[in-house]
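The next block holds one structure in the form of structure tokens; read it before the comments.
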Amino acid sequence: MHYLVTGTAGFIGFHLARRLLADGHDVTGVDGMTSYYDVELKRRRHAMLKEHSRFHAHEFMLEDMESLTQVVDQAEPDVMVHLAAQAGVRYSIENPRAYVDSNLIGTFNVIEQARRCRVGHLMLASTSSVYGANSVMPFGEGHCTDHPLTLYAATKKATEGMAHSYAHLWSIPTTAFRFFTVYGPWGRPDMALFRFTENALKGRPIDVYNHGQMRRDFTYVDDLVEAIVRLAKVPPQHDEKSAGGSPAAPYRVVNIGNSEPVNLLSFIEAIEKATGRKAIRNYMGMQPGDVPATWADTSALEAITGFRPNTPVSVGVAQFVDWYRSYHQV
Ligand SMILES: NC(=O)c1ccc[n+]([C@@H]2O[C@H](COP(=O)([O-])OP(=O)(O)OC[C@H]3O[C@@H](n4cnc5c(N)ncnc54)[C@H](O)[C@@H]3O)[C@@H](O)[C@H]2O)c1
């Protein structure tokens, strides 16, 4: 099969592409190498993928429709997995326009291409952040997502809506994933695990928001990739019956999480254990746009694929810290 994956120099796209190549697929990867975080890390990820002859790398922004059209015509993909986005909850307060450009215009271009090339399965990344002000736990795909708390969440909610309309109008089998705090080796420098590990190893304080009274459903990246690979094989049908299915299109939304929220302070303890360093805690208030807890109902994922993420945080954090130490030689 030929997969077109966007965001392959990014954390999740890199892991997914690596797995697809190992499984014998062809992968066309597109990434604009944005400067949101260390571009060298993105280049190192892409360089590893380029070692495979079945990986075809392209570096441009998705807003560039002409380049995207050429790449799609060349690849003729069976499946498209759209992961490229301006990610991050807090940065969307600082630089909202980046979210509009990448997540709305970029996503629109991708779904237009999906229509044009009549792709067999379009898959796109949404986020647990769409649950916004919803406090009914665990978050189920059928729950209300009408109250996003950040522009990031709002653009992801729009991603789901745009994809649904195209699935309806053009019968494009479409799966929108809602990812819950993904972590693991080659992870993002803007995320808590990276920052906490870096600071703990350097003896610098870590900022602990909401005085540590936060719970997150942390999802190990290998589990997430396993879930995507399995979902790719079962495109939704018109009569899709899962919790996130649509009455009007071959479309579904699926939570991908661990379904086991972990207290932030326990997460920090796992980092301390893996690094062998005591973290200096700088307790702070709640950040604007943040939510106190996330918790995925993963019964739809399990019903569709027979799989549910299950890597414990202690194992996943140790894998990350091992990678961090070898990458930074510390
Ligand atoms: N990591 C998580 O915990 C998490 C949680 C929920 C949702 N998500 C979603 O999963 C997807 C992947 O996230 P990630 O953690 O790998 O992020 P990432 O930032 O590491 O990867 C995204 C990649 O997309 C590229 N990109 C951004 N805008 C682009 C554009 N307009 N054109 C071309 N390339 C562009 C970036 O250069 C980057 O390499 C994103 O859609 C994100 O919103 C991630």
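As the structure lists them, so they are numbered: ligands from 1, and atoms in each ligand from 1. What you see is a predicted model; the values in this text were computed from it and never measured.
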Per-atom contacts of ligand 1 with [X], taking only distances under 4.0 Å to non-hydrogen atoms:
X: Glu63; answer: 30 (C), 31 (N), 32 (N)
X: Gly7; answer: 23 (C), 24 (O)
X: Thr181; answer: 3 (O)
X: Met33; answer: 37 (O)
X: Lys156; answer: 40 (C), 41 (O), 43 (O)

[X], any N or O under 3.5 Å of ligand 1 N or O:
X: Thr127; result: no
X: Tyr36; result: no
X: Arg45; result: no

What's the shortest distance from [atom] to any protein heavy atom, and which residue and atom give it?
atom: atom 3 (O) of ligand 1; value: Val182 N, 2.8 Å
atom: atom 28 (N) of ligand 1; value: Ser102 OG, 3.0 Å
atom: atom 30 (C) of ligand 1; value: Met61 CE, 3.5 Å
atom: atom 12 (C) of ligand 1; value: Leu83 O, 3.4 Å
atom: atom 24 (O) of ligand 1; value: Ala84 CA, 3.4 Å
atom: atom 13 (O) of ligand 1; value: Ile12 CD1, 3.9 Å
atom: atom 33 (C) of ligand 1; value: Gly32 N, 3.2 Å
atom: atom 27 (C) of ligand 1; value: Ala85 O, 3.2 Å

Compare Phe218, Trp186, Phe180, Phe179 and give the one whose heavy atom is closest to atom 9 (C) of ligand 1.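 Looking at heavy atoms only, Phe179 sits closest to atom 9 (C) of ligand 1.
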
Heavy-atom distance to atom 7 (C) of ligand 1: which of Ala125, Ala192, Ala9, Ser126 wins?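 Among Ala125, Ala192, Ala9, Ser126, the closest heavy atom to atom 7 (C) of ligand 1 belongs to Ser126.
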
[X] atom [atom1]: more than 12 heavy-atom contacts under 6.0 Å:
X: Gln237; atom1: CD; result: no
X: Glu76; atom1: CD; result: no
X: His211; atom1: NE2; result: yes
X: Trp323; atom1: CH2; result: yes

Any heavy atom of Met191 closer to ligand 1 than 4.0 angstrom? yes

Is the shortest distance from a heavy atom of Phe60 to ligand 1 less than 4.0 Å? yes

Where is the tightest heavy-atom contact between Val27 and Leu20, given as atom of each residue plus distance? CG2-CB, 3.7 Å

Please test Tyr166 against Glu112 for side-chain hydrogen bond (donor to acceptor under 3.5 Å, both in side chains), starting from the C-alpha separation and ending with a verdict. CA-CA 8 Å; Tyr166 265 53; Glu112 255 295 305; 2.5 Å; yes

Parallel, tilted or perpendicular: ring planes of Phe218 versus Phe267, cut at 30 and 60 degrees: parallel

Examine the proximity of ligand 1 to [X] and report which part, side chain or backbone, both or neither, has a heavy atom under 4.0 Å away.
X: Leu62; answer: both
X: Tyr37; answer: side chain
X: Arg178; answer: neither
X: Arg188; answer: side chain
X: Tyr152; answer: side chain

Here the gap from Glu94 atom CD to Ser92 atom OG, rounded to the nearest 0.5 Å, amounts to 9.5 Å

Check this for me, if you would: do Lys50 and Glu59 make a salt bridge, where the nitrogen-to-carboxylate-oxygen distance has to be below 4.0 angstrom? yes

For Tyr152, is the NZ or CZ atom of Lys157 found under 6.0 angstrom from the centre of its six-membered ring and inside 45 degrees of the ring axis?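 Relative to the ring axis of Tyr152, which defines the angle, Lys157 lies outside at least one limit.
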
When you measure from the centre of the six-membered ring of Phe180, is the NZ or CZ of Arg216 under 6.0 Å away and within 45° of the axis? no

Arg116 and Asp73: CA distance, side-chain angles, deciding distance, salt bridge (Lys or Arg N to Asp or Glu O under 4.0 Å) verdict: CA-CA 9 Å; Arg116 212 178 52 80; Asp73 283 349; 2.8 Å; yes

Please determine which of Tyr324, Tyr327, Phe194 meets the ring-ring contact (aromatic ring centres under 6.0 Å, His included) test together with Trp186.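 That would be Tyr327.
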
The single option from Asn134, Asp297, Val130 passing side-chain contact (heavy atoms from CB on, under 4.5 Å) against Phe139: Asn134

Look at the side chain of Asp78 and the backbone N and O of Gly120, then say whether any donor-acceptor pair between them is shorter than 3.5 Å. no

